[in-house]
Amino acid sequence: MSKNTPTVVAMHWFRKGLRLHDNPALKSALEQSPQKFFPVYVLDGNAYQLLRCSPLRANFMIECLQDLDSSLKKLGSRLYVLEGDPTIVLPAKFEEWGVTHLSFEEDETGEPYAAKRDEMIVQKAQAMNVNLFTACSETLYPLKDYMKKGTAGGKAIANSMGSFQKLFNSMPAMKKVLPAPTKDDFPDMKEENLYDGEFVPPKRPTDLPWPRGIPKDQVEYVWGANDCRNLTPAVRGGESIARKALKESLKDSNWVATFEKPQTSCTSIKPSTTALSPYLSWGCLSPREVWTALDEAISKATTNGRSKPPVSLHGQMLWRDFNNLMAHDANRESPGCWNKIEGNKYCRNVPWDDDPQLLEAWKKGQTGFPWIDATMRQLRQEGWIHHLGRHAVACFLTRGDLWQSWEEGAKHFEAELLDADYALNGFNWLWLSCSGFFYQYFRCYSPITFQMKNDPNGNYIRKFVPELRNVPSKYIYCPWEAPSGVLEKAGVNLGKEYPKPIVDHLEVSKENMNRMKQAYDAQKKREAERKSTSASKKQRMS
DNA sequence: GGTCCGTTGGGCGC
DNA sequence: GCGCCCAACGGACC
(Lines give C-alpha, C1' and ligand atoms only; values in the text may rest on other atoms or scores of the structure.)
Protein backbone atom coordinates (compact mmCIF):
# COMPACT_ATOMS: atom_id res chain seq x y z
CA MET A 1 0.00 0.00 0.00
CA SER A 2 1.49 3.33 -1.01
CA LYS A 3 1.77 6.15 1.46
CA ASN A 4 -0.84 8.25 -0.35
CA THR A 5 -3.54 5.61 -0.54
CA PRO A 6 -6.21 6.55 1.99
CA THR A 7 -7.06 3.75 4.39
CA VAL A 8 -10.40 2.11 3.76
CA VAL A 9 -12.04 1.03 6.99
CA ALA A 10 -15.40 -0.59 6.36
CA MET A 11 -18.14 -1.55 8.77
CA HIS A 12 -21.09 -3.79 7.98
CA TRP A 13 -23.92 -3.21 10.38
CA PHE A 14 -26.11 -6.30 10.86
CA ARG A 15 -29.65 -5.62 12.05
CA LYS A 16 -31.97 -8.11 10.45
CA GLY A 17 -30.35 -9.94 7.52
CA LEU A 18 -28.32 -12.09 9.93
CA ARG A 19 -26.51 -14.01 7.22
CA LEU A 20 -23.44 -14.09 5.00
CA HIS A 21 -25.08 -15.64 1.90
CA ASP A 22 -26.86 -13.36 -0.55
CA ASN A 23 -26.12 -10.26 1.46
CA PRO A 24 -25.58 -7.51 -1.13
CA ALA A 25 -24.80 -4.72 1.36
CA LEU A 26 -22.13 -6.86 3.01
CA LYS A 27 -20.71 -7.73 -0.37
CA SER A 28 -20.52 -4.13 -1.52
CA ALA A 29 -18.62 -3.17 1.63
CA LEU A 30 -16.11 -5.96 1.09
CA GLU A 31 -15.73 -4.91 -2.54
CA GLN A 32 -14.16 -1.67 -1.34
CA SER A 33 -11.08 -3.75 -0.51
CA PRO A 34 -10.96 -2.44 3.03
CA GLN A 35 -7.75 -2.61 5.03
CA LYS A 36 -9.90 -3.08 8.09
CA PHE A 37 -13.37 -4.58 8.23
CA PHE A 38 -15.74 -4.56 11.20
CA PRO A 39 -18.93 -6.65 11.07
CA VAL A 40 -21.03 -5.24 13.91
CA TYR A 41 -24.32 -5.85 15.66
CA VAL A 42 -25.79 -3.41 18.15
CA LEU A 43 -27.85 -4.76 21.02
CA ASP A 44 -30.34 -2.06 21.90
CA GLY A 45 -32.69 -2.84 24.76
CA ASN A 46 -35.12 -0.32 23.31
CA ALA A 47 -35.22 -1.87 19.85
CA TYR A 48 -38.64 -3.23 19.07
CA GLN A 49 -37.17 -6.69 18.73
CA LEU A 50 -35.98 -6.63 22.34
CA LEU A 51 -38.48 -4.34 24.04
CA ARG A 52 -41.16 -7.01 24.34
CA CYS A 53 -39.39 -10.25 23.74
CA SER A 54 -40.10 -13.70 25.14
CA PRO A 55 -37.18 -15.77 26.46
CA LEU A 56 -37.47 -18.06 23.42
CA ARG A 57 -37.19 -15.15 21.03
CA ALA A 58 -34.26 -13.69 22.94
CA ASN A 59 -32.59 -17.08 22.83
CA PHE A 60 -33.23 -17.43 19.10
CA MET A 61 -31.60 -14.08 18.45
CA ILE A 62 -28.58 -15.07 20.52
CA GLU A 63 -28.24 -18.29 18.50
CA CYS A 64 -28.28 -16.20 15.31
CA LEU A 65 -25.51 -13.93 16.61
CA GLN A 66 -23.41 -16.81 17.87
CA ASP A 67 -23.67 -18.54 14.50
CA LEU A 68 -22.77 -15.38 12.63
CA ASP A 69 -19.75 -14.90 14.88
CA SER A 70 -18.54 -18.44 14.36
CA SER A 71 -19.02 -18.27 10.57
CA LEU A 72 -17.09 -14.99 10.46
CA LYS A 73 -14.32 -16.50 12.58
CA LYS A 74 -13.89 -19.25 10.00
CA LEU A 75 -13.17 -16.45 7.52
CA GLY A 76 -10.57 -14.81 9.76
CA SER A 77 -13.01 -12.17 10.98
CA ARG A 78 -15.53 -12.01 13.83
CA LEU A 79 -18.72 -10.30 14.93
CA TYR A 80 -18.33 -7.17 17.06
CA VAL A 81 -21.33 -6.85 19.36
CA LEU A 82 -21.93 -3.36 20.74
CA GLU A 83 -24.52 -2.31 23.26
CA GLY A 84 -26.75 0.78 23.47
CA ASP A 85 -28.49 3.21 21.14
CA PRO A 86 -26.98 2.64 17.67
CA THR A 87 -27.28 6.32 16.77
CA ILE A 88 -24.83 7.08 19.61
CA VAL A 89 -22.75 3.90 19.76
CA LEU A 90 -21.99 3.66 16.05
CA PRO A 91 -20.78 7.25 15.46
CA ALA A 92 -18.45 6.76 18.43
CA LYS A 93 -16.98 3.72 16.70
CA PHE A 94 -16.75 5.56 13.36
CA GLU A 95 -14.48 7.96 15.19
CA GLU A 96 -12.53 5.42 17.23
CA TRP A 97 -11.95 2.93 14.40
CA GLY A 98 -11.65 5.52 11.63
CA VAL A 99 -14.54 4.07 9.67
CA THR A 100 -14.74 5.36 6.09
CA HIS A 101 -17.43 3.04 4.68
CA LEU A 102 -20.67 1.79 6.27
CA SER A 103 -22.99 -0.80 4.79
CA PHE A 104 -26.35 -2.14 5.95
CA GLU A 105 -29.49 -3.78 4.62
CA GLU A 106 -32.29 -1.27 4.23
CA ASP A 107 -35.41 -1.57 6.33
CA GLU A 108 -38.17 -0.55 3.97
CA THR A 109 -41.29 -1.35 5.98
CA GLY A 110 -41.15 1.89 7.96
CA GLU A 111 -41.23 0.21 11.36
CA PRO A 112 -40.91 3.32 13.57
CA TYR A 113 -37.88 2.34 15.65
CA ALA A 114 -35.91 1.30 12.57
CA ALA A 115 -37.03 4.27 10.48
CA LYS A 116 -35.94 6.85 13.07
CA ARG A 117 -32.72 4.99 13.80
CA ASP A 118 -31.69 4.77 10.16
CA GLU A 119 -32.57 8.35 9.36
CA MET A 120 -30.36 9.49 12.22
CA ILE A 121 -27.46 7.19 11.32
CA VAL A 122 -27.50 8.29 7.70
CA GLN A 123 -27.35 11.94 8.85
CA LYS A 124 -24.50 11.29 11.25
CA ALA A 125 -22.55 9.16 8.79
CA GLN A 126 -22.83 11.83 6.13
CA ALA A 127 -21.74 14.51 8.57
CA MET A 128 -18.68 12.39 9.38
CA ASN A 129 -17.89 11.71 5.71
CA VAL A 130 -18.61 8.01 6.02
CA ASN A 131 -19.59 6.49 2.67
CA LEU A 132 -22.87 4.58 2.73
CA PHE A 133 -23.67 1.31 0.99
CA THR A 134 -27.19 0.04 1.44
CA ALA A 135 -29.16 -2.67 -0.32
CA CYS A 136 -32.70 -4.05 -0.26
CA SER A 137 -32.57 -7.76 0.37
CA GLU A 138 -35.41 -8.42 2.78
CA THR A 139 -37.93 -9.03 0.00
CA LEU A 140 -37.82 -10.54 -3.49
CA TYR A 141 -37.86 -7.05 -5.02
CA PRO A 142 -37.20 -3.73 -3.30
CA LEU A 143 -40.49 -2.34 -2.03
CA LYS A 144 -39.75 0.96 -3.70
CA ASP A 145 -39.55 -0.86 -7.04
CA TYR A 146 -43.02 -2.35 -6.48
CA MET A 147 -44.28 1.11 -5.55
CA LYS A 148 -42.79 2.72 -8.63
CA LYS A 149 -44.12 0.12 -11.03
CA GLY A 150 -47.43 -0.34 -9.22
CA THR A 151 -48.35 3.36 -9.04
CA ALA A 152 -47.26 4.32 -12.54
CA GLY A 153 -49.81 6.51 -14.28
CA GLY A 154 -51.48 7.49 -11.00
CA LYS A 155 -52.69 3.96 -10.27
CA ALA A 156 -53.41 2.95 -6.68
CA ILE A 157 -50.97 0.36 -5.34
CA ALA A 158 -52.17 -3.26 -5.40
CA ASN A 159 -54.05 -3.96 -2.17
CA SER A 160 -55.28 -7.48 -2.81
CA MET A 161 -53.31 -10.65 -3.38
CA GLY A 162 -54.70 -10.99 -6.91
CA SER A 163 -53.60 -7.54 -7.97
CA PHE A 164 -50.28 -7.96 -6.21
CA GLN A 165 -49.63 -11.14 -8.20
CA LYS A 166 -50.21 -9.20 -11.41
CA LEU A 167 -47.77 -6.55 -10.26
CA PHE A 168 -45.22 -9.20 -9.29
CA ASN A 169 -45.50 -10.88 -12.69
CA SER A 170 -44.84 -7.58 -14.43
CA MET A 171 -41.55 -7.04 -12.58
CA PRO A 172 -38.21 -7.48 -14.42
CA ALA A 173 -35.97 -10.48 -13.80
CA MET A 174 -35.12 -11.02 -10.15
CA LYS A 175 -31.64 -10.16 -8.87
CA LYS A 176 -29.20 -13.06 -8.79
CA VAL A 177 -28.46 -14.77 -5.53
CA LEU A 178 -24.98 -13.86 -4.27
CA PRO A 179 -22.61 -16.42 -2.76
CA ALA A 180 -21.26 -15.94 0.75
CA PRO A 181 -17.92 -14.11 0.93
CA THR A 182 -14.78 -16.23 1.23
CA LYS A 183 -11.65 -15.84 3.32
CA ASP A 184 -10.02 -13.93 0.44
CA ASP A 185 -12.70 -11.24 0.58
CA PHE A 186 -11.72 -10.26 4.13
CA PRO A 187 -8.68 -8.15 4.95
CA ASP A 188 -6.01 -9.58 7.20
CA MET A 189 -6.77 -7.91 10.48
CA LYS A 190 -3.86 -7.60 12.85
CA GLU A 191 -4.52 -9.28 16.14
CA GLU A 192 -4.91 -6.03 18.06
CA ASN A 193 -7.74 -5.00 15.76
CA LEU A 194 -9.73 -8.14 16.46
CA TYR A 195 -10.31 -6.98 20.06
CA ASP A 196 -10.13 -10.51 21.37
CA GLY A 197 -12.39 -10.97 24.39
CA GLU A 198 -14.21 -7.68 23.82
CA PHE A 199 -17.55 -7.11 22.08
CA VAL A 200 -18.40 -10.80 22.30
CA PRO A 201 -21.94 -11.95 21.41
CA PRO A 202 -24.27 -12.71 24.33
CA LYS A 203 -24.42 -16.33 25.45
CA ARG A 204 -27.76 -16.35 27.28
CA PRO A 205 -30.82 -14.11 27.56
CA THR A 206 -29.58 -12.67 30.88
CA ASP A 207 -26.65 -11.12 28.95
CA LEU A 208 -29.06 -8.90 27.00
CA PRO A 209 -29.46 -5.22 27.88
CA TRP A 210 -32.62 -3.91 29.56
CA PRO A 211 -34.80 -1.27 27.95
CA ARG A 212 -33.67 2.19 29.03
CA GLY A 213 -36.14 4.45 30.79
CA ILE A 214 -38.56 1.65 31.71
CA PRO A 215 -38.59 0.45 35.33
CA LYS A 216 -37.69 -3.23 35.56
CA ASP A 217 -40.96 -4.12 37.24
CA GLN A 218 -42.82 -2.78 34.22
CA VAL A 219 -40.91 -4.84 31.70
CA GLU A 220 -43.22 -7.55 30.42
CA TYR A 221 -40.57 -10.23 30.04
CA VAL A 222 -37.79 -10.70 32.54
CA TRP A 223 -35.08 -12.88 31.11
CA GLY A 224 -34.18 -15.21 33.93
CA ALA A 225 -31.35 -17.69 33.75
CA ASN A 226 -33.72 -20.65 33.64
CA ASP A 227 -36.45 -19.14 31.49
CA CYS A 228 -35.80 -21.41 28.55
CA ARG A 229 -35.22 -24.52 30.62
CA ASN A 230 -38.64 -26.07 30.15
CA LEU A 231 -39.33 -24.58 26.74
CA THR A 232 -38.80 -26.42 23.48
CA PRO A 233 -38.26 -24.03 20.56
CA ALA A 234 -39.75 -25.26 17.29
CA VAL A 235 -36.53 -24.30 15.48
CA ARG A 236 -33.06 -23.16 16.49
CA GLY A 237 -31.52 -19.90 15.31
CA GLY A 238 -28.68 -19.15 12.93
CA GLU A 239 -27.81 -19.09 9.26
CA SER A 240 -25.99 -22.44 9.28
CA ILE A 241 -28.90 -24.37 10.70
CA ALA A 242 -31.30 -22.40 8.49
CA ARG A 243 -29.49 -23.53 5.36
CA LYS A 244 -29.68 -27.15 6.50
CA ALA A 245 -33.38 -26.73 7.26
CA LEU A 246 -34.01 -25.25 3.82
CA LYS A 247 -32.33 -28.19 2.13
CA GLU A 248 -34.10 -30.69 4.32
CA SER A 249 -37.57 -29.21 3.88
CA LEU A 250 -37.29 -29.03 0.09
CA LYS A 251 -35.74 -32.43 -0.53
CA ASP A 252 -39.09 -34.06 -1.35
CA SER A 253 -39.60 -32.26 -4.64
CA ASN A 254 -43.05 -33.74 -5.25
CA TRP A 255 -44.19 -32.41 -1.90
CA VAL A 256 -42.81 -28.96 -2.80
CA ALA A 257 -44.45 -28.96 -6.24
CA THR A 258 -47.90 -29.86 -4.94
CA PHE A 259 -47.85 -27.98 -1.62
CA GLU A 260 -51.14 -26.27 -0.81
CA LYS A 261 -51.16 -24.28 2.40
CA PRO A 262 -54.82 -24.84 3.33
CA GLN A 263 -54.24 -28.61 3.10
CA THR A 264 -51.52 -28.60 5.76
CA SER A 265 -52.42 -29.45 9.32
CA CYS A 266 -52.41 -27.18 12.33
CA THR A 267 -52.85 -30.01 14.79
CA SER A 268 -49.83 -32.07 13.86
CA ILE A 269 -47.26 -32.32 16.64
CA LYS A 270 -44.38 -31.52 14.27
CA PRO A 271 -44.87 -28.61 11.84
CA SER A 272 -46.66 -29.75 8.67
CA THR A 273 -45.27 -26.76 6.76
CA THR A 274 -41.62 -25.83 6.16
CA ALA A 275 -41.33 -23.79 9.42
CA LEU A 276 -38.69 -21.66 7.69
CA SER A 277 -40.48 -18.45 8.67
CA PRO A 278 -38.22 -17.58 11.64
CA TYR A 279 -35.21 -17.71 9.32
CA LEU A 280 -36.86 -15.36 6.87
CA SER A 281 -37.97 -12.89 9.51
CA TRP A 282 -34.48 -12.62 11.09
CA GLY A 283 -32.84 -12.79 7.69
CA CYS A 284 -30.92 -16.03 8.27
CA LEU A 285 -32.24 -16.98 4.85
CA SER A 286 -32.51 -14.77 1.79
CA PRO A 287 -35.99 -14.70 0.24
CA ARG A 288 -34.46 -14.77 -3.23
CA GLU A 289 -32.45 -17.83 -2.32
CA VAL A 290 -35.58 -19.56 -1.00
CA TRP A 291 -37.44 -18.61 -4.19
CA THR A 292 -34.65 -20.05 -6.33
CA ALA A 293 -34.44 -23.19 -4.21
CA LEU A 294 -38.19 -23.70 -4.73
CA ASP A 295 -37.70 -23.36 -8.50
CA GLU A 296 -34.95 -25.97 -8.40
CA ALA A 297 -36.91 -28.40 -6.25
CA ILE A 298 -40.01 -28.14 -8.44
CA SER A 299 -37.98 -28.69 -11.61
CA LYS A 300 -37.02 -32.11 -10.19
CA ALA A 301 -40.60 -33.13 -9.32
CA THR A 302 -41.92 -36.24 -11.05
CA THR A 303 -45.64 -35.70 -10.39
CA ASN A 304 -47.82 -33.89 -12.88
CA GLY A 305 -49.61 -31.83 -10.28
CA ARG A 306 -48.40 -28.29 -9.67
CA SER A 307 -49.87 -26.04 -7.02
CA LYS A 308 -50.00 -22.33 -7.80
CA PRO A 309 -49.92 -19.05 -5.87
CA PRO A 310 -51.43 -18.02 -3.58
CA VAL A 311 -51.54 -21.49 -1.97
CA SER A 312 -48.22 -22.87 -3.27
CA LEU A 313 -44.86 -22.35 -1.55
CA HIS A 314 -43.94 -19.67 -4.08
CA GLY A 315 -47.28 -18.15 -3.13
CA GLN A 316 -46.19 -18.01 0.51
CA MET A 317 -43.18 -15.96 -0.55
CA LEU A 318 -45.49 -13.65 -2.52
CA TRP A 319 -47.70 -13.13 0.53
CA ARG A 320 -44.60 -12.06 2.39
CA ASP A 321 -43.66 -9.43 -0.18
CA PHE A 322 -47.27 -8.28 -0.48
CA ASN A 323 -47.56 -7.81 3.29
CA ASN A 324 -44.30 -5.88 3.39
CA LEU A 325 -45.53 -3.67 0.59
CA MET A 326 -48.76 -2.90 2.45
CA ALA A 327 -46.84 -2.00 5.63
CA HIS A 328 -44.52 0.21 3.59
CA ASP A 329 -47.43 1.97 1.91
CA ALA A 330 -49.41 2.52 5.13
CA ASN A 331 -46.37 3.92 6.96
CA ARG A 332 -45.43 6.10 4.01
CA GLU A 333 -48.68 8.01 4.50
CA SER A 334 -48.83 7.87 8.28
CA PRO A 335 -45.52 6.93 9.89
CA GLY A 336 -45.71 4.05 12.34
CA CYS A 337 -49.43 3.37 11.84
CA TRP A 338 -49.14 -0.18 10.52
CA ASN A 339 -49.59 -2.11 13.78
CA LYS A 340 -52.13 0.39 15.05
CA ILE A 341 -55.78 1.19 14.43
CA GLU A 342 -55.30 4.95 14.63
CA GLY A 343 -54.25 6.57 11.38
CA ASN A 344 -53.90 3.28 9.48
CA LYS A 345 -55.55 3.73 6.12
CA TYR A 346 -55.96 -0.01 5.74
CA CYS A 347 -57.77 -0.42 9.07
CA ARG A 348 -61.43 -0.05 9.88
CA ASN A 349 -62.12 1.35 13.29
CA VAL A 350 -64.02 -1.25 15.28
CA PRO A 351 -64.88 -0.31 18.88
CA TRP A 352 -63.21 -3.24 20.65
CA ASP A 353 -63.69 -3.87 24.36
CA ASP A 354 -60.83 -3.60 26.81
CA ASP A 355 -60.99 -6.48 29.28
CA PRO A 356 -57.56 -7.36 30.72
CA GLN A 357 -58.89 -10.58 32.26
CA LEU A 358 -60.14 -11.97 28.96
CA LEU A 359 -56.88 -10.94 27.28
CA GLU A 360 -54.84 -12.61 29.99
CA ALA A 361 -56.87 -15.83 29.77
CA TRP A 362 -56.22 -15.89 26.02
CA LYS A 363 -52.49 -15.26 26.41
CA LYS A 364 -52.10 -17.98 29.04
CA GLY A 365 -54.22 -20.58 27.25
CA GLN A 366 -56.87 -20.56 29.99
CA THR A 367 -60.01 -19.80 27.99
CA GLY A 368 -61.67 -23.13 28.66
CA PHE A 369 -61.68 -23.98 24.94
CA PRO A 370 -59.16 -26.82 24.77
CA TRP A 371 -58.08 -26.37 21.18
CA ILE A 372 -57.62 -22.59 21.54
CA ASP A 373 -55.71 -23.12 24.77
CA ALA A 374 -53.52 -25.82 23.23
CA THR A 375 -52.60 -23.46 20.42
CA MET A 376 -51.80 -20.57 22.75
CA ARG A 377 -49.71 -22.85 24.92
CA GLN A 378 -47.80 -24.18 21.91
CA LEU A 379 -47.00 -20.56 21.11
CA ARG A 380 -45.50 -20.04 24.57
CA GLN A 381 -43.84 -23.45 24.65
CA GLU A 382 -42.34 -23.55 21.15
CA GLY A 383 -42.52 -19.99 19.78
CA TRP A 384 -44.29 -21.22 16.68
CA ILE A 385 -47.82 -22.19 15.68
CA HIS A 386 -49.32 -23.18 12.34
CA HIS A 387 -50.81 -20.44 10.24
CA LEU A 388 -54.35 -21.77 10.59
CA GLY A 389 -53.94 -22.02 14.35
CA ARG A 390 -52.97 -18.34 14.30
CA HIS A 391 -56.13 -17.65 12.33
CA ALA A 392 -58.31 -19.43 14.84
CA VAL A 393 -56.85 -17.83 17.98
CA ALA A 394 -56.81 -14.38 16.34
CA CYS A 395 -60.44 -14.73 15.29
CA PHE A 396 -61.28 -15.95 18.79
CA LEU A 397 -59.62 -12.96 20.51
CA THR A 398 -61.22 -10.37 18.23
CA ARG A 399 -64.38 -10.61 16.16
CA GLY A 400 -65.18 -14.24 16.92
CA ASP A 401 -65.50 -14.43 20.67
CA LEU A 402 -63.69 -12.12 23.09
CA TRP A 403 -64.06 -8.80 21.18
CA GLN A 404 -60.63 -7.57 22.29
CA SER A 405 -58.50 -5.29 20.14
CA TRP A 406 -56.26 -6.90 17.52
CA GLU A 407 -53.54 -4.47 18.63
CA GLU A 408 -53.18 -6.44 21.87
CA GLY A 409 -53.11 -9.74 20.03
CA ALA A 410 -50.50 -8.41 17.63
CA LYS A 411 -48.29 -7.25 20.53
CA HIS A 412 -48.45 -10.71 22.08
CA PHE A 413 -47.56 -12.45 18.83
CA GLU A 414 -44.73 -9.99 18.24
CA ALA A 415 -43.29 -10.85 21.64
CA GLU A 416 -43.68 -14.61 21.48
CA LEU A 417 -43.34 -15.79 17.89
CA LEU A 418 -39.86 -16.78 16.75
CA ASP A 419 -40.92 -15.60 13.31
CA ALA A 420 -42.57 -12.37 14.50
CA ASP A 421 -42.46 -10.01 11.57
CA TYR A 422 -43.68 -6.44 11.70
CA ALA A 423 -45.29 -6.45 8.27
CA LEU A 424 -46.74 -9.97 8.25
CA ASN A 425 -48.00 -9.84 11.79
CA GLY A 426 -49.83 -6.56 11.24
CA PHE A 427 -51.35 -7.75 7.99
CA ASN A 428 -52.66 -10.98 9.46
CA TRP A 429 -54.22 -9.27 12.47
CA LEU A 430 -55.95 -6.77 10.23
CA TRP A 431 -57.19 -9.68 8.13
CA LEU A 432 -58.40 -11.97 10.91
CA SER A 433 -60.12 -9.21 12.87
CA CYS A 434 -61.91 -8.11 9.67
CA SER A 435 -60.36 -4.67 10.11
CA GLY A 436 -58.68 -4.66 6.73
CA PHE A 437 -58.18 -6.70 3.52
CA PHE A 438 -60.77 -9.29 4.57
CA TYR A 439 -64.34 -8.42 5.49
CA GLN A 440 -66.45 -11.58 5.49
CA TYR A 441 -67.08 -11.44 9.20
CA PHE A 442 -69.90 -13.97 8.98
CA ARG A 443 -67.21 -16.56 8.26
CA CYS A 444 -66.12 -17.40 11.74
CA TYR A 445 -63.80 -20.14 12.95
CA SER A 446 -65.36 -22.44 15.51
CA PRO A 447 -63.06 -22.87 18.51
CA ILE A 448 -64.67 -26.27 19.03
CA THR A 449 -65.38 -28.03 15.74
CA PHE A 450 -62.81 -26.55 13.32
CA GLN A 451 -60.14 -29.15 14.03
CA MET A 452 -62.34 -32.07 15.08
CA LYS A 453 -62.21 -33.67 11.66
CA ASN A 454 -58.40 -33.34 11.35
CA ASP A 455 -57.55 -34.53 14.83
CA PRO A 456 -60.58 -36.47 16.09
CA ASN A 457 -58.66 -38.00 18.97
CA GLY A 458 -57.41 -34.60 20.11
CA ASN A 459 -53.76 -35.66 20.32
CA TYR A 460 -52.66 -32.08 19.86
CA ILE A 461 -54.79 -30.97 22.81
CA ARG A 462 -53.55 -33.89 24.92
CA LYS A 463 -49.95 -32.77 24.35
CA PHE A 464 -50.34 -29.08 25.09
CA VAL A 465 -53.16 -29.20 27.65
CA PRO A 466 -52.04 -32.17 29.74
CA GLU A 467 -54.79 -31.59 32.33
CA LEU A 468 -57.17 -33.01 29.74
CA ARG A 469 -55.09 -35.92 28.51
CA ASN A 470 -57.41 -38.57 29.92
CA VAL A 471 -60.67 -37.01 28.70
CA PRO A 472 -62.39 -39.28 26.12
CA SER A 473 -62.14 -38.13 22.50
CA LYS A 474 -65.84 -37.42 22.36
CA TYR A 475 -65.43 -34.56 24.86
CA ILE A 476 -61.83 -33.47 24.37
CA TYR A 477 -62.88 -30.40 22.35
CA CYS A 478 -65.79 -29.56 24.66
CA PRO A 479 -65.22 -30.97 28.16
CA TRP A 480 -68.07 -28.87 29.58
CA GLU A 481 -70.50 -31.13 27.73
CA ALA A 482 -69.20 -34.27 29.38
CA PRO A 483 -71.26 -35.91 32.14
CA SER A 484 -69.61 -35.28 35.49
CA GLY A 485 -68.78 -38.94 35.97
CA VAL A 486 -66.74 -38.95 32.77
CA LEU A 487 -64.70 -35.94 33.83
CA GLU A 488 -64.22 -37.31 37.30
CA LYS A 489 -62.81 -40.50 35.86
CA ALA A 490 -60.42 -38.39 33.73
CA GLY A 491 -59.31 -36.50 36.84
CA VAL A 492 -60.75 -33.14 35.80
CA ASN A 493 -62.95 -30.79 37.80
CA LEU A 494 -63.99 -27.99 35.48
CA GLY A 495 -63.14 -24.72 37.14
CA LYS A 496 -60.28 -26.32 39.09
CA GLU A 497 -57.67 -28.17 37.01
CA TYR A 498 -59.06 -26.67 33.84
CA PRO A 499 -61.35 -23.63 33.43
CA LYS A 500 -64.94 -23.58 32.31
CA PRO A 501 -65.35 -21.83 28.94
CA ILE A 502 -65.05 -18.06 29.48
CA VAL A 503 -67.76 -17.32 26.92
CA ASP A 504 -70.65 -19.09 25.23
CA HIS A 505 -69.28 -19.35 21.71
CA LEU A 506 -72.60 -19.70 19.87
CA GLU A 507 -74.08 -16.77 21.73
CA VAL A 508 -71.16 -14.30 21.52
CA SER A 509 -70.20 -15.09 17.95
CA LYS A 510 -73.75 -14.23 16.83
CA GLU A 511 -73.73 -11.09 18.93
CA ASN A 512 -70.31 -10.08 17.58
CA MET A 513 -71.48 -10.38 13.98
CA ASN A 514 -74.13 -7.80 14.79
CA ARG A 515 -71.54 -5.57 16.44
CA MET A 516 -69.38 -5.92 13.36
CA LYS A 517 -72.25 -4.89 11.13
CA GLN A 518 -72.84 -1.84 13.33
CA ALA A 519 -69.15 -0.93 13.21
CA TYR A 520 -69.12 -1.19 9.41
CA ASP A 521 -72.31 0.87 9.13
CA ALA A 522 -70.85 3.52 11.43
CA GLN A 523 -67.71 3.64 9.31
CA LYS A 524 -69.79 4.06 6.14
CA LYS A 525 -71.68 6.88 7.80
CA ARG A 526 -68.47 8.60 8.90
CA GLU A 527 -67.05 8.32 5.42
CA ALA A 528 -70.21 9.70 3.82
CA GLU A 529 -70.15 12.62 6.26
CA ARG A 530 -66.50 13.29 5.57
CA LYS A 531 -67.21 13.27 1.85
CA SER A 532 -70.12 15.69 2.13
CA THR A 533 -68.14 18.03 4.40
CA SER A 534 -65.20 18.11 2.04
CA ALA A 535 -67.57 18.59 -0.89
CA SER A 536 -69.31 21.53 0.79
CA LYS A 537 -65.92 22.98 1.74
CA LYS A 538 -64.90 22.81 -1.89
CA GLN A 539 -68.15 24.49 -2.87
CA ARG A 540 -67.59 27.31 -0.38
CA MET A 541 -64.07 27.80 -1.59
CA SER A 542 -65.05 28.05 -5.25
C1' DG B 1 -76.28 -0.57 -10.07
C1' DG B 2 -75.17 -5.11 -11.12
C1' DT B 3 -71.98 -8.80 -11.05
C1' DC B 4 -68.25 -11.34 -9.69
C1' DC B 5 -64.50 -12.37 -6.67
C1' DG B 6 -61.94 -13.04 -2.38
C1' DT B 7 -55.40 -18.33 0.00
C1' DT B 8 -57.94 -21.92 4.26
C1' DG B 9 -66.14 -21.14 7.69
C1' DG B 10 -70.01 -24.04 9.31
C1' DG B 11 -73.42 -27.25 8.65
C1' DC B 12 -76.21 -30.16 6.11
C1' DG B 13 -77.50 -33.70 2.70
C1' DC B 14 -75.89 -36.88 -0.39
C1' DG C 1 -65.42 -35.89 -0.24
C1' DC C 2 -68.42 -32.73 -2.66
C1' DG C 3 -71.99 -29.36 -3.51
C1' DC C 4 -74.95 -26.33 -1.72
C1' DC C 5 -76.92 -22.90 1.30
C1' DC C 6 -76.38 -19.84 5.29
C1' DA C 7 -76.90 -14.33 5.23
C1' DA C 8 -74.49 -11.15 3.14
C1' DC C 9 -68.79 -8.11 3.67
C1' DG C 10 -65.96 -4.62 0.43
C1' DG C 11 -63.77 -3.72 -3.78
C1' DA C 12 -62.86 -4.11 -8.70
C1' DC C 13 -64.80 -3.90 -12.89
C1' DC C 14 -68.30 -3.13 -16.21
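Being a predicted model, the structure only gives us computed values, none of them experimental. Lettering of chains follows the sequences in order, A, B, ..., and the numbering in each one begins at 1.
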Taken to the nearest whole Å, CD/Gln523(A) to C1'/dG10(C) is 11 Å
Among dG10(B), dG9(B), dG10(C), the one nearest any side-chain atom of Thr449(A) is dG10(B)
- request: Determine the contact category for Lys510(A): base if any of its heavy atoms lies under 4.0 Å from a base atom, sugar-phosphate if only primed atoms, P, OP1 or OP2 are that close, otherwise nothing.
  value: nothing
Of the candidates dT8(B), dC9(C), dT7(B), the side chain of Tyr439(A) sits closest to dC9(C)
Open item on the list: Can you tell me if Arg348(A) touches the phosphate of dG11(C), counting only side-chain N or O atoms and a distance under 4.0 Å to OP1 or OP2?
Closed with: yes
Open item on the list: Contact between Tyr279(A) and Arg243(A) at the side-chain level, heavy atoms closer than 4.5 Å - yes or no?
Closed with: no
(message) Check this one for me: any side-chain N or O of Lys517(A) less than 4.0 Å away from OP1 or OP2 of dC9(C)?
(response) yes
Among side-chain atoms of Tyr460(A) and Gln378(A), is any donor-acceptor pair under 3.5 angstrom?
-> yes
Whole-Å distance, Met161(A) CE to dG6(B) P, equals 12 Å
Discussion item. Strictly below 4.0 Å: does Asn159(A) bring a side-chain N or O up to OP1 or OP2 of dA12(C)?
Written reply: yes
Closest to the side chain of Tyr441(A), out of dG10(C), dA8(C), dT8(B), is dA8(C)
Against the side chain of Lys453(A), the closest entry in dG10(C), dG10(B), dT8(B) is dG10(B)
| Which is true for Phe450(A) with a 4.0 Å heavy-atom rule: it touches a base, it touches only sugar-phosphate, or it touches nothing? | sugar-phosphate
Ranking dG10(B), dT7(B), dG10(C) by distance to the side chain of Tyr445(A), first place goes to dG10(B)
### Message
Between Thr302(A) and Asn254(A), does the side-chain hydrogen bond (donor to acceptor under 3.5 Å, both in side chains) criterion hold? Intermediate values first, please.
### Response
CA-CA 6 Å; Thr302(A) 52; Asn254(A) 287 342; 3.0 Å; yes
Checklist entry - Taking 4.0 angstrom as the limit, do Asp145(A) and Lys175(A) come out as a salt bridge? => result no
When rounded to whole Å, the CG to C1' distance for the pair Asn514(A) and dA8(C) reads 13 Å
